[in-house]
Colleague: 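Please see the structure below; I have some questions.
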Amino acid sequence: RKCDVLNRGFSGYNTRWAKIILPRLIKKEDGLDNPVAVTIFFGANDSALKDENPKQHVPLDEYVGNLKSMVRYLQSVGVPEHRIVLITPPPLCEAAWERECRAQGCKLNRLNLVAGDYAAACLHAARDCGTEVLDLWTLMQKDGQDFSSFLSDGLHLSPKGNEFLFSHLWPLIEKRAASLPLLLPYWRDVAEARPELSLLGDGDH
C-alpha cells in the first residue's frame, strides 16, 4: 500500500542485451515518481562458458562494463546510486545442471567457480558505482552449506531459493521504503459502512 512493484524478468538474457533494452523499461519521461529501489540481477547467463554457450556468454570485463552502464543510465533518468541494488549470480550446482544439459543434448556449459568470478566482478562494479550489492553466490554457500535445494535444476532458483533471496533482499528494500507514506489504509481501518470514505479519501478515516 505504499508503492507499485514492477517486475521485469527476461529468461535467458545477459547484461549485453539488458543494457540495450533498459531504456525501454525505465524512461525519464514516463511521468512516474522516482523509483524507491531498482534491482539488477544478472550474471548466471553472462558466465556461461564461451566454448559451450557462446550466445549467452559475456566476457568478464564486458559484464562489469555493462553493469556500470546500466547504473549510469539509471542515474541519468533520476535514480541515484543509493537506490540501486546489484545482485550477484547464485552458485551453480554442476551435477544437477550437467544432467539438464545432457537432457538437452549438450555438454555442461557453466561452472560454479566461473559463476563465482562473475559474482566477485559484480561486487567490484557495485563498489565502483557506490550501489548496494547482495552477494547471493557467497550467502548461499556460507559455512559450506548444501545449496542444491536453492536451485530447481542446478541453475535456476527453486521456491526455497527465491525465499532465500527474498529474506536477504527485503531488508535492503524495506529500509528504502519504510519512510514512504501509506497510500491506502490497513484493511482493519477501512470504514465498514462506507468504505469509500477510507478508500477514496486521504487514508486517515
Side-chain angles (χ1 to χ4, degrees), residues 3-92 97 100-101 104 106 109-110 114-137 151-158 161-162 165-166 168-170 172-173 176-177:
C3 56
D4 294 325
V5 178
L6 304 179
N7 181 37
R8 298 291 182 265
F10 300 92
S11 175
Y13 276 48
N14 55 31
T15 56
R16 181 181 293 163
W17 304 339
K19 179 182 71 172
I20 295 171
I21 64 172
L22 182 58
R24 293 178 56 185
L25 308 178
I26 300 180
K27 304 175 184 177
K28 193 163 190 176
E29 62 269 18
D30 280 345
L32 300 173
D33 292 333
N34 284 340
V36 174
V38 176
T39 62
I40 299 176
F41 186 13
F42 284 96
N45 294 319
D46 297 69
S47 65
L49 302 178
K50 182 178 180 180
D51 290 344
E52 300 299 334
N53 189 349
K55 184 165 186 174
Q56 289 180 304
H57 170 79
V58 172
L60 196 60
D61 57 346
E62 182 186 345
Y63 169 70
V64 172
N66 291 340
L67 289 176
K68 291 182 177 181
S69 176
M70 286 190 276
V71 170
R72 286 194 300 269
Y73 173 77
L74 290 171
Q75 291 173 318
S76 76
V77 296
V79 184
E81 62 275 4
H82 65 270
R83 293 185 181 179
I84 301 170
V85 181
L86 301 186
I87 306 173
T88 75
L92 178 81
W97 184 241
E100 194 74 17
C101 289
Q104 297 174 12
C106 59
N109 56 25
R110 289 167 172 81
V114 176
D117 291 338
Y118 281 72
C122 182
L123 294 176
H124 288 304
R127 181 197 62 201
D128 292 346
C129 293
T131 70
E132 192 95 56
V133 63
L134 175 57
D135 187 358
L136 196 59
W137 190 85
L151 305 166
S152 63
D153 55 8
L155 173 66
H156 302 95
L157 295 181
S158 64
N162 278 309
L165 171 58
F166 174 81
H168 288 84
L169 179 60
W170 174 242
L172 304 180
I173 303 299
R176 290 163 170 78

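Residue numbers start at 1 and run along the sequence shown.
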Colleague: Should W97 and D153 count as side-chain neighbours, where that means a heavy-atom distance under 4.5 Å?
Modeller: yes
Colleague: Hey, does F10 have a side-chain heavy atom less than 4.5 Å from the side chain of W17?
Modeller: no
Colleague: Checking T15 now: which residues fulfil side-chain hydrogen bond (donor to acceptor under 3.5 Å, both in side chains) with it, not counting sequence neighbours?
Modeller: D46, N66
Colleague: Checking T39 against I173 for the side-chain contact (heavy atoms from CB on, under 4.5 Å) test, could you report, in this order, the C-alpha distance in whole Å, the side-chain angles of both residues, the deciding distance, and whether it holds?
Modeller: CA-CA 9 Å; T39 62; I173 303 299; 4.2 Å; yes
Colleague: Can you see which heavy atom on V58 is nearest to which on R16, and at what distance?
Modeller: CG2-CB, 4.0 Å
Colleague: Between P23 and Y73, which heavy-atom pair has the shortest distance, and what is it?
Modeller: CA-OH, 3.3 Å
Colleague: Please answer whether the main-chain N or O of A48 pairs with a side-chain N or O of H57 as donor and acceptor at a distance below 3.5 Å.
Modeller: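 Checked: pair present.
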Colleague: Thinking salt bridges, do R110 and E100 make one under a 4.0 Å N-O criterion?
Modeller: no
Colleague: How close do A121 and V64 get, counting heavy atoms only, and between which atoms?
Modeller: CB-CG2, 3.5 Å
Colleague: Would you confirm whether R83, through its side chain, and P35, through its main-chain N or O, come within 3.5 Å as a donor-acceptor pair?
Modeller: yes
Colleague: Could you tell me if the side chain of H82 sits less than 4.5 Å from the side chain of T131, heavy atoms only?
Modeller: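 Not in contact.
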Colleague: To the nearest 0.5 Å, what is the distance between CD on E81 and SG on C129?
Modeller: 8.5 Å
Colleague: Measuring from atom OG1 of T88 to atom CD1 of I40, what distance do you get when rounded to the nearest 0.5 angstrom?
Modeller: 13.5 Å
Colleague: For residues S69 and K19, report the shortest heavy-atom separation together with the two atoms involved.
Modeller: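 Here S69 and K19 meet closest at OG-CD, 3.3 Å.
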Colleague: Does the side chain of V133 come within less than 4.5 Å of C122's, by heavy atoms?
Modeller: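 The answer is yes; the side chains approach within 4.5 Å.
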Colleague: Report yes if the side chains of N162 and F166 come closer than 4.5 Å at any heavy-atom pair, otherwise no.
Modeller: no
Colleague: For K55 versus N14, what's the shortest heavy-atom pair and its separation?
Modeller: O-ND2, 3.8 Å
Colleague: Hey, are the side chains of I21 and Y13 touching, using non-hydrogen atoms and a 4.5 Å cut-off?
Modeller: yes
Colleague: Would you call L6 and R8 a side-chain contact if the rule is heavy atoms closer than 4.5 Å?
Modeller: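 Counting from C-beta outward, L6 and R8 do come under 4.5 Å.
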Colleague: Search all heavy atoms of G43 against all heavy atoms of P89 and return the closest pair with its distance.
Modeller: C-CB, 3.7 Å
Colleague: Run the numbers on C101 and N109 for side-chain contact (heavy atoms from CB on, under 4.5 Å), then give the verdict.
Modeller: CA-CA 8 Å; C101 289; N109 56 25; 3.8 Å; yes
Colleague: Check whether any side-chain heavy atom of L136 sits under 4.5 Å from a side-chain heavy atom of P90, and report yes or no.
Modeller: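 Answer yes - side chains close enough.
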Colleague: What's the spacing between Q56 CD and L49 CG if we round to 0.5 Å?
Modeller: 11.0 Å
Colleague: Assess whether side-chain contact (heavy atoms from CB on, under 4.5 Å) is satisfied between I26 and L74, documenting all intermediate values.
Modeller: CA-CA 8 Å; I26 300 180; L74 290 171; 3.7 Å; yes
Colleague: Please, which pairs that meet ring-ring contact (aromatic ring centres under 6.0 Å, His included) have at least one residue in residues 117-137, sequence neighbours excluded?
Modeller: Y63-Y118
Colleague: Nearest 0.5 Å please: distance from the CG atom of L92 over to the OG atom of S47.
Modeller: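 Here the interatomic distance stands at 7.5 Å.
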Colleague: Are V85 and F41 close enough, and set up right, to give a side-chain contact (heavy atoms from CB on, under 4.5 Å), and what steps lead you there?
Modeller: CA-CA 9 Å; V85 181; F41 186 13; over 6 Å; no
Colleague: Quick check for you: to the nearest 0.5 Å, what is the distance between H168 atom NE2 and D135 atom CG?
Modeller: 10.5 Å
Colleague: So which of L134, L123, V71 actually passes side chain to side chain contact (heavy atoms under 4.5 Å, CB included) with L86?
Modeller: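 Single pass found, and it is V71.
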